[in-house]
*Asks:* 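Mind looking over this structure? Questions follow.
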Amino acid sequence: QVQLVESGGGLVQPGGSLRLSCAASGNIFSLNTMGWYRQAPGKQRELVALITSIGSTNYADSVKGRFTISRNNAKNTMYLQMNSLKPEDTAVYYCNGRTLYHDYWGQGTRVTVSS
């Protein structure tokens, strides 16, 4: 069993920055790949970025060069640093953790980019 809790969402102006955190607890040693997904109103949930257990990363084309995914193993926490935010980044952001048998999801944190 794994529990994931996101934090750090909020309201930010276009061009601003925000850092999201995902705290993992439970059987965290079974986690392989972790990632951030987002879902905007009327749209499907999409992959934003992922990071493997060995540190390899992948990003959606729409966020490359602006977002950075990272993890701090000592704190059992994953981060998403978001810079140069655009209104199109407005969405609920979800933390995901994958094991061999199951996907775990956080409750989501809302990010609104607006002036």
*Asks:* Sequence neighbours excluded, which residues qualify as salt bridge (charged side-chain N to carboxylate O under 4.0 Å, His left out) partners of R71?
*Replies:* none
*Asks:* When you compare the side chain of T68 with that of Y59, does any pair of heavy atoms fall below 4.5 Å?
*Replies:* yes
*Asks:* Taking C-beta and beyond as the side chain, do R38 and S62 meet within less than 4.5 Å on heavy atoms?
*Replies:* yes
*Asks:* Check the side chains of N32 and S53 for a donor-acceptor pair under 3.5 angstrom, ignoring hydrogens and angles.
*Replies:* no
*Asks:* State, yes or no, whether a side-chain contact exists between L80 and Y93 at a heavy-atom distance under 4.5 Å.
*Replies:* yes
*Asks:* Between L20 and V92, is there a shared hydrophobic cluster once you connect ILVMFWY residues whose side-chain heavy atoms come closer than 4.5 Å?
*Replies:* no
*Asks:* Once you round to the nearest 0.5 Å, how far does OG1 of T99 lie from CD of Q1?
*Replies:* 10.0 Å
*Asks:* Relative to Y94, does R45 satisfy both conditions: NZ or CZ under 6.0 angstrom from the six-membered ring centre, and within 45 degrees of the ring's axis?
*Replies:* yes
*Asks:* With sequence neighbours left out, what residues match E88 under salt bridge (charged side-chain N to carboxylate O under 4.0 Å, His left out)?
*Replies:* none
*Asks:* Are Y37 and W105 near enough that their ring centres are under 6.0 Å apart?
*Replies:* yes
*Asks:* Would you name the heavy atoms of A40 and A91 that are closest together and state the gap between them?
*Replies:* N-CB, 3.8 Å
*Asks:* Distance check, rounded to the nearest 0.5 Å: T77 atom OG1 versus L4 atom CG?
*Replies:* 10.5 Å
*Asks:* With rounding to the nearest 0.5 Å, note down the distance linking OG1 in T33 to CG in L50.
*Replies:* 6.5 Å
*Asks:* Under a 4.0 Å N-O cut-off, is there an ion pair linking D89 with K86?
*Replies:* no
*Asks:* Just list the side-chain donor-acceptor pairs under 3.5 Å for residues 106-115, sequence neighbours left out, or say none.
*Replies:*
unit_1 : atom_1 : unit_2 : atom_2 : d
Q107   : NE2    : E6     : O      : 3.2
Q107   : NE2    : E6     : OE1    : 3.3
T109   : OG1    : G9     : N      : 3.1

*Asks:* Quick check: closest heavy atoms across Q81 and S17, and the distance to 0.1 Å?
*Replies:* NE2-CB, 4.0 Å
*Asks:* Report whether M82 and Y79 are members of the same hydrophobic cluster (ILVMFWY, side-chain heavy atoms less than 4.5 Å apart, transitive linking).
*Replies:* no
*Asks:* Go through F67 and L85 one step at a time and tell me if the side chain to side chain contact (heavy atoms under 4.5 Å, CB included) criterion holds.
*Replies:* CA-CA 9 Å; F67 291 10; L85 283 163; 3.8 Å; yes
*Asks:* Can you tell me how far OG of S56 sits from CD1 of I51, rounded to the nearest 0.5 angstrom?
*Replies:* 8.5 Å
*Asks:* Nearest 0.5 Å please: distance from the NZ atom of K64 over to the OG1 atom of T57.
*Replies:* 9.5 Å
*Asks:* Looking at every heavy atom in both S84 and R66, which two are closest together, and how far apart are they?
*Replies:* O-NH1, 3.0 Å
*Asks:* Mind checking the CE-CD1 spacing from M78 to I69? Nearest 0.5 Å is all I need.
*Replies:* 5.0 Å
